[in-house]
**Q** 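Supplied in structure tokens, the structure appears directly below.
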Number of protein chains: 2
Amino acid sequence: MDQRQALAAFGALSQETRLHIIRMLVVSGPDGMAAGSIAEKAEVSPSNVSFHLKELERAGLIAQQRESRSIIYTANYEALGGLIRFLMEDCCGGNAEICAPAAAVAACCTPATKEELQ
Amino acid sequence: MDQRQALAAFGALSQETRLHIIRMLVVSGPDGMAAGSIAEKAEVSPSNVSFHLKELERAGLIAQQRESRSIIYTANYEALGGLIRFLMEDCCGGNAEICAPAAAVAACCTPATKEELQ
DNA sequence: TCAACGATTCAAGGATTATTGAAATATGGA
DNA sequence: TCCATATTTCAATAATCCTTGAATCGTTGA
């Protein structure tokens with residue numbers, strides 16, 4: 001993740017509807033969600049959700065794939081991890097104490113990872 | 001760090017000049033930097049840097065304090081750590097593998113923390 | 001082929017954000 | 001007090017982003 005991507009990702013996440021969408025897609029996992037379901041759950045119009053999905057895709061945070069009539073969107077875990085990494089390295093580069101609380105969260109996440117990863 | 005703050009923080013970091021400023025302030029540590037120095041290093045006009053500093057402060061990512069004629073800005077480490085934490089918990093809440101790369105970075109940061117903290 | 005469904009695209013508007021330069025504020029020293 | 005320094009505020013403009021509804025595109029089944 002370079003700075004260009006990070007700037008786009010921060011911009012994408014700075015909007016309430018889009019943050020909500022990302023949350024839903026992360027939770028829904030590899031199965032993802034159809035655009036219509038996203039619109040329904042987020043309570044926004046189809047054209048509006050389409051606008052925000054395009055924005056999230058442009059930032060590389062989600063991917064799409066057509067499934068019959070629906071278009072399924074999935075969160076890009078690699079990009080999200082990369083963004084966290086960018087934030088930490090950018091912040092840790094020189095001063096490290098910012099990462100301490102993050103390390104605590106990471107410690108709480110990694111046990112689950114052992115089971116989740118493959 | 002609640003969602004409102006996170007949205008503001010993401011918005012603040014989605015602008016090139018502001019990301020640059022945050023980087024400089026994190027590196028400069030508790031001493032911080034005067035507005036003029038920031039403007040000079042970032043190569044933007046005084047009024048423009050003032051605009052961006054206000055934006056960063058509004059998002060809670062930096063703090064200011066007057067020092068004679070200068071106004072010294074410092075990075076808010078707690079807020080930056082809180083933002084990383086928000087991103088991780090928001091992403092890890094349901095699926096954990098996103099945090100794996102972040103955990104790796106955290107592991108690389110924590111050794112330094114032992115010396116840096118106090 | 002035609003109709004219906006799921007979704008995107010487009011244009012218009014309104015709202016927010018960024019940049020600029022001039023004017024104003026605050027501080028410290030002659 | 002007066003001037004210089006450091007910075008902010010303000011107004012105007014430009015640029016970007018968000019929302020809305022209508023029109024369009026691709027897919028499926030009758």
Side-chain angles (χ1 to χ4, degrees), chain A residues 3-25 28 31-76, chain B residues 3-25 28 31-76:
Chain A
Q3 170 167 323
R4 183 154 223 85
Q5 290 175 285
L7 285 169
F10 285 137
L13 295 179
S14 70
Q15 211 277 342
E16 197 167 8
T17 302
R18 289 196 294 259
L19 186 57
H20 188 190
I21 291 173
I22 282 287
R23 273 212 195 91
M24 293 194 298
L25 290 183
S28 73
D31 289 347
M33 289 176 75
S37 309
I38 298 171
E40 196 181 0
K41 271 216 166 186
E43 294 182 333
V44 295
S45 72
S47 79
N48 190 247
V49 91
S50 194
F51 169 81
H52 288 304
L53 287 170
K54 200 169 63 175
E55 202 67 13
L56 286 167
E57 198 185 17
R58 200 177 59 79
L61 295 177
I62 63 174
Q64 69 171 188
Q65 102 199 62
R66 181 174 281 275
E67 187 98 10
S68 174
R69 276 195 270 225
S70 300
I71 294 183
I72 307 295
Y73 285 89
T74 49
N76 182 344
Chain B
Q3 171 167 323
R4 182 154 224 84
Q5 290 176 285
L7 284 171
F10 286 137
L13 295 179
S14 70
Q15 210 278 340
E16 197 167 9
T17 302
R18 289 197 293 260
L19 186 58
H20 189 190
I21 291 173
I22 282 288
R23 273 212 195 92
M24 294 193 298
L25 290 182
S28 73
D31 290 347
M33 289 176 74
S37 309
I38 297 171
E40 196 181 359
K41 271 216 168 187
E43 295 181 332
V44 294
S45 72
S47 79
N48 188 248
V49 92
S50 193
F51 169 80
H52 287 304
L53 287 169
K54 199 170 62 176
E55 202 68 12
L56 284 167
E57 199 185 15
R58 199 176 58 79
L61 295 177
I62 64 174
Q64 69 170 189
Q65 103 199 62
R66 180 173 281 278
E67 187 96 9
S68 175
R69 274 193 273 222
S70 299
I71 294 183
I72 308 294
Y73 286 89
T74 48
N76 182 344

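Side chains included, hydrogens not; waters and symmetry mates left out as well; all remaining heavy atoms used. The sequence lines fix the lettering, A, B, ..., with proteins before strands; numbering per chain opens at 1.
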**Q** For atom CD of Gln3(B), decide whether the heavy atoms of other residues, nucleotides or ligands shown that lie under 6.0 angstrom number more than 12.
**A** yes
**Q** Take atom CZ of Phe51(A) and atom P of dA7(C), then tell me their distance rounded to the nearest Å.
**A** 19 Å
**Q** Between P on dG6(C) and CD on Gln64(A), what's the gap in Å once rounded to a whole number?
**A** 17 Å
**Q** As an exercise, state the distance from CG of Leu56(B) to CD of Gln15(B), rounded to the nearest 0.5 Å.
**A** 9.0 Å
**Q** For Arg58(B) and dT16(C), what is the distance between atoms CZ and P respectively, to the nearest whole Å?
**A** 11 Å
**Q** Could you work out how much the helix from dT1(C)-dA30(D) to dA12(C)-dT19(D) bends, comparing the axis of its first five pairs with that of its last five, to 10°?
**A** 20°
**Q** Tell me the closest heavy-atom pair linking Leu7(B) and Leu19(A), and the distance in Å.
**A** CD2-CD2, 3.8 Å
**Q** Side-chain N or O of His52(B) versus OP1/OP2 of dT19(C): is the shortest distance under 4.0 Å?
**A** yes
**Q** Detail all sub-3.5 Å separations between protein N/O atoms and N/O atoms belonging to nucleotides 24-27 of chain C.
**A**
none

**Q** Under the rule for salt bridge (Lys or Arg N to Asp or Glu O under 4.0 Å), what residues qualify as partners of Arg66(A), not counting sequence neighbours?
**A** none
**Q** Which residues pass the side-chain contact (heavy atoms from CB on, under 4.5 Å) test with Ala8(A), sequence neighbours left out?
**A** Ala59(A)
**Q** For residues 45-52 of chain A, tabulate all N or O donor-acceptor pairs below 3.5 Å that involve a side-chain atom, not counting sequence neighbours.
**A**
from     : atom 1 : to       : atom 2 : distance (Å)
Ser45(A) : OG     : Asn48(A) : N      : 3.2
His52(A) : ND1    : Arg18(A) : NH1    : 3.2

**Q** Are the side chains of Tyr73(B) and Gln64(B) in contact, using a 4.5 Å heavy-atom criterion?
**A** yes
**Q** With a 4.0 angstrom cut-off to heavy atoms of chain A, pull out the first and last contacting nucleotide of DNA chain D, in 5'-to-3' order.
**A** dC18(D) to dT28(D)
**Q** Taking all non-hydrogen atoms of both residues, which atom of Ala12(A) and which atom of Leu61(A) are closest, and how far apart?
**A** CB-CD1, 4.0 Å
**Q** List the atom of Leu53(A), the atom of Ala35(A), and the distance in Å for their closest heavy-atom pair.
**A** CD1-CB, 4.1 Å
**Q** Within residues 36-50 of chain B, which residues have any heavy atom lying less than 4.0 Å from an atom of DNA chain C?
**A** Ser47(B), Asn48(B)
**Q** Can you list everything that forms a side-chain contact (heavy atoms from CB on, under 4.5 Å) with Ala6(A)? Sequence neighbours excluded, please.
**A** Met1(A), Phe10(A), Leu83(A), Phe86(A)
**Q** Rounded to the nearest 0.5 Å, what separates atom CG in Asn76(A) from atom CD1 in Ile22(A)?
**A** 9.0 Å
**Q** Can you list everything that forms a salt bridge (Lys or Arg N to Asp or Glu O under 4.0 Å) with Arg69(A)? Sequence neighbours excluded, please.
**A** none
**Q** Just to verify, which of Ile38(B), Asp31(B), Thr74(B) counts as forming a side chain to side chain contact (heavy atoms under 4.5 Å, CB included) with Leu25(B)?
**A** Ile38(B)
**Q** Taking only residues at least two apart or on different chains, which pairs with a member in residues 49-62 of chain B satisfy salt bridge (charged side-chain N to carboxylate O under 4.0 Å, His left out)?
**A** Glu55(B)-Arg58(B)
**Q** Strictly below 4.0 Å, heavy-atom distances to any atom of DNA chain C: list the hits from residues 9-23 of chain A, or just say none.
**A** none
**Q** Whole-Å distance between dA18(C) P and Leu53(B) CG?
**A** 13 Å
**Q** Looking only at heavy atoms, what is the nearest atom pair of Gly11(B) and Ser14(A), with distance?
**A** N-CB, 3.3 Å
**Q** Round to a whole Å and report the spacing from CG of Leu7(A) to P of dT17(C).
**A** 17 Å
**Q** Name all pairs fulfilling the salt bridge (charged side-chain N to carboxylate O under 4.0 Å, His left out) condition that reach into residues 34-48 of chain A, sequence neighbours left out, sorted by first residue then second.
**A** none
